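A quick write-up on the structure given underneath.
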Amino acid sequence: MKKILLSILLIGAAAFSLQSCGDDDNDIFDKSAAVRIDEAVAETKALLVSSPNGWMMHYYTGREYTGGGFTMFVKFDGSKAHASSDIAADVNMVSTSSYDVIKDQGPVLTFNTYNEILHFLAQPYQGDVDGEEGDYEFIVQKITDDAIYLKGKKFGNKFVMTRVPESLNWADYLTELNNVDKATASVYLVQYNGQLVDSLIIDRDAHNAQLTSQTETTPYCYVPGGIEFHTALTTLGGHAFEKINLTDATSSTFSDPTGTLEFVKCTDEGFNLDVADFAGEWTMTYTNISNRTVTDKIVFESYDEYLGKQSHTILRGTFSYSGMARADIGPSSSLENAAGDYNLFLMYDNRTGKFMFSHYSTSADPTEKFDYLIFVGASIDAEGYFGFNQVQFKYQPATGNLVIDGPNNGFAYLNSYIDEDGDDGIALRFYGLDIKELKRVK
């Protein structure tokens with residue numbers, strides 16, 4: 001009997017469903033779907049321009065919030081969007097572009113001409129089509145008088161734009177955020193009642209953070225007087241926090257809003273170094289490809305990670321090489337003069353307190369014999385075989401120099417090539433071995 005009754009109910013439900021599909025959706029809504037979307041687009045456009053001082057949002061990059069967090073101001077007029085952000089070094093920088101609200105399955109806010117600020121985190125790079133994994137098209141999910149709820153169309157992160165009070169000055173607000181950034185260190189000891197319960201790593205370039213007891217990072221945004229995390233962090237001691245307040249800018253000390261957790265700057269040797277202090281002229285002594293001991297110059301300068309904003313962990317170097325290079329590998333290889341200035345990057349790893357030459361460094365060949373060159377760490381084993389990794393250094397406070405730390409104590413510039421049979425390969429251009437230290441020029 002139960003099976004018969006169930007069959008009757010299923011048949012009845014199917015018949016009702018078919019009838020509903022056959023009717024116009026005006027039987028459920030007063031207006032058609034097309035009209036409702038047109039009205040939603042018009043309502044969103046009207047709301048965007050209704051705020052004379054624009055809108056503010058915390059903008060998150062990376063799929064599932066694996067990137068960083070940044071503060072964006074955007075003001076809309078009839079056809080243009082004007083944007084400012086803490087990704088730019090200049091708090092007065094305003095970038096203007098066109099925008100529109102278009103129809104999809106609902107309203108979509110799109111910035112449809114290039115905006116230096118709004119598109120910066122969404123632009124692709126060579127070998128990385130997704131770049132910082134930011135969006136410039138946003139699905140409008142909900143609107144209220146003072147808030148617009150958005151979802152990135154490509155990467156799916158959610159944002160809330162809130163109406164900016166007319167009394168708030170964008171540049172003054174961004175200056176407050178920059179002041180917090182300047183007072184923020186990279187490595188903190190998390191203390192509860194004076195006892196160490198965890199450590200917090202803050203990546204000031206990427207704008208994300210991680211407790212050393214956890215494996216995942218979370219993005220953060222600077223706010224006036226502190227740092228706000230996208231996801232709550234829980235220490236090894238079980239204490240959770242979503243925001244920390246700057247309590248002493250001189251000592252870079254923070255606390256959670258309850259005052260029970262204190263974040264004290266780590267002073268262990270090698271940690272919380274200011275990479276800007278390592279800019280300037282250095283020398284590197286090593287054995288070159290002709291088996292001669294030479295000393296060449298490297299000049300390090302600041303590197304702009306974002307729009308005019310200097311990186312906290314990267315220095316760009318110009319290496320003045322003075323020796324020879326092999327034009328190829330094998331019996332036909334020949335030594336040629338390769339003297340010239342080559343690019344490399346010195347990177348500071350705030351998690352380990354060590355410096356390293358980045359093997360992602362690329363350089364135009366000043367001799368114009370190859371299209372480009374790649375810098376890698378190098379070492380030779382007892383049998384004469386090359387090993388490639390990173391050249392790593394540690395800071396030596398007594399001398400102010402950077403001393404080799406690790407098994408790789410040399411470098412190589414490599415160039416990719418295609419031989420006459422069409423096969424890819426790597427041609428070794430030149431190398432240096434037995435580096436002891438990078439010595440600062442006084």
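Note that the numbering runs from 1 along the sequence shown for the chain. The structure displayed is predicted, hence computed values, not measured ones.
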Fill in the blank from the handout: Quick note, side chain to side chain donor-acceptor pair (under 3.5 Å) partners involving residues 63-81, not counting sequence neighbours, are Arg63-Asp130, Arg63-Glu133, Asp77-His82, Lys80-Ser98
Problem - Verdict with supporting geometry, Trp55 and Arg163, side chain to side chain contact (heavy atoms under 4.5 Å, CB included) - result: CA-CA 5 Å; Trp55 302 81; Arg163 189 184 294 268; 3.9 Å; yes
Fill in the blank from the handout: Hits for ring-ring contact (aromatic ring centres under 6.0 Å, His included) against Tyr192, two or more places apart or cross-chain, chain-then-number order -> His239
Exercise for the section: Identify, with sequence neighbours excluded, every residue that meets side chain to side chain contact (heavy atoms under 4.5 Å, CB included) alongside Asp405. Expected result: Lys354, Gln392, Lys394
Exercise for the section: Can you sort out the partners of Ser255 under side chain to side chain contact (heavy atoms under 4.5 Å, CB included), two or more places apart, ordered by chain and number? Expected result: Thr247
Practice task
Quick one: closest heavy-atom pair of Tyr303 and Ile314, and the distance?
Solution key: CB-O, 3.6 Å
Fill in the blank from the handout: Taken to the nearest 0.5 Å, the spacing of Thr110 OG1 from Tyr136 OH works out to 7.0 Å
Practice task
To the nearest 0.5 Å, tell me how far Phe73 CZ sits from Ser85 OG.
Solution key: 9.0 Å
Exercise for the section: Using side chain to side chain contact (heavy atoms under 4.5 Å, CB included) as the criterion, list what pairs up with Glu336, not counting sequence neighbours. Expected result: Ala327, Ser334, Lys369
Exercise for the section: Please work out whether the ring planes of Phe375 and Phe411 are parallel, tilted or perpendicular, with thresholds of 30° and 60°. Expected result: parallel
Exercise for the section: Work out which heavy atom in Tyr149 is nearest to a heavy atom in Thr144; give both atom names and the distance. Expected result: CE1-CG2, 4.4 Å
What pairs of donor and acceptor atoms, side-chain ones from residues 272-282 against any protein atom, are under 3.5 angstrom apart with sequence neighbours left out?
unit_1: Asn272; atom_1: OD1; unit_2: Ser186; atom_2: N; d: 2.8
unit_1: Asn272; atom_1: OD1; unit_2: Val187; atom_2: N; d: 3.0
unit_1: Asn272; atom_1: ND2; unit_2: Val187; atom_2: O; d: 3.0
unit_1: Asn272; atom_1: ND2; unit_2: Cys266; atom_2: O; d: 2.8
unit_1: Asp274; atom_1: OD1; unit_2: Ala276; atom_2: N; d: 3.0
unit_1: Trp282; atom_1: NE1; unit_2: Phe278; atom_2: O; d: 3.0

Exercise for the section: Show the numbers, then the answer: is there a side chain to side chain contact (heavy atoms under 4.5 Å, CB included) between Leu109 and Glu137? Expected result: CA-CA 6 Å; Leu109 171 62; Glu137 291 188 312; over 6 Å; no
Exercise for the section: Please list, chain by chain and in numerical order, all residues satisfying salt bridge (charged side-chain N to carboxylate O under 4.0 Å, His left out) with Asp248, sequence neighbours excluded. Expected result: none
Exercise for the section: Any chance you could measure Thr217, atom OG1, to His230, atom NE2, to the nearest 0.5 Å? Expected result: 11.5 Å
Fill in the blank from the handout: Sorted by chain and number, sequence neighbours left out, ring-ring contact (aromatic ring centres under 6.0 Å, His included) with Tyr306 holds for Phe70, Phe120
Practice task
Check whether any side-chain heavy atom of Leu48 sits under 4.5 Å from a side-chain heavy atom of Tyr99, and report yes or no.
Solution key: yes
Practice task
List the steps, then state whether side chain to side chain contact (heavy atoms under 4.5 Å, CB included) holds for Gln390 with Met347.
Solution key: CA-CA 11 Å; Gln390 291 175 315; Met347 303 181 68; 5.8 Å; no
Handout entry: Ring centers of Phe355, Tyr395 separated by less than 6.0 Å
Key = no
Problem - Sub-4.5 Å side-chain heavy-atom contact between Phe319 and Tyr413 - result: yes
Practice task
List for me each residue that meets side chain to side chain contact (heavy atoms under 4.5 Å, CB included) alongside Asn288, sequence neighbours excluded, and say none if there are none.
Solution key: Tyr286, Ser290, Arg292, Val294, Tyr321
Exercise for the section: Provide the closest heavy-atom pair for Ser379 versus Asn409 in the form atom of the first, atom of the second, distance. Expected result: CB-OD1, 4.4 Å
Fill in the blank from the handout: Quick note, side chain to side chain donor-acceptor pair (under 3.5 Å) partners involving residues 337-346, not counting sequence neighbours, are Ser320-Asp341
Handout entry: Note, Tyr385 side chain near Ile380 side chain (heavy atom, < 4.5 Å)
Key = no
Extract all donor-acceptor atom pairs below 3.5 Å that involve side chains of residues 218-229 and protein atoms in other chains or at least two apart in sequence.
unit_1: Thr218; atom_1: OG1; unit_2: Thr231; atom_2: N; d: 3.2
unit_1: Tyr220; atom_1: OH; unit_2: Tyr222; atom_2: OH; d: 3.0
unit_1: Tyr222; atom_1: OH; unit_2: Asp181; atom_2: OD1; d: 2.8

Handout entry: Gap between atom OG1 of Thr260 and atom CZ of Phe241 - 0.5 Å precision
Key = 10.5 Å
Fill in the blank from the handout: CD (Glu43) and CD1 (Ile143) are apart, to the nearest 0.5 Å, by 3.5 Å
Completion exercise
dist Asp135:CG -> Leu118:CG (nearest 0.5 Å) comes out at 12.0 Å
Completion exercise
The ring-ring contact (aromatic ring centres under 6.0 Å, His included) partners of Phe386 (sequence neighbours excluded) come to Phe388, Tyr431
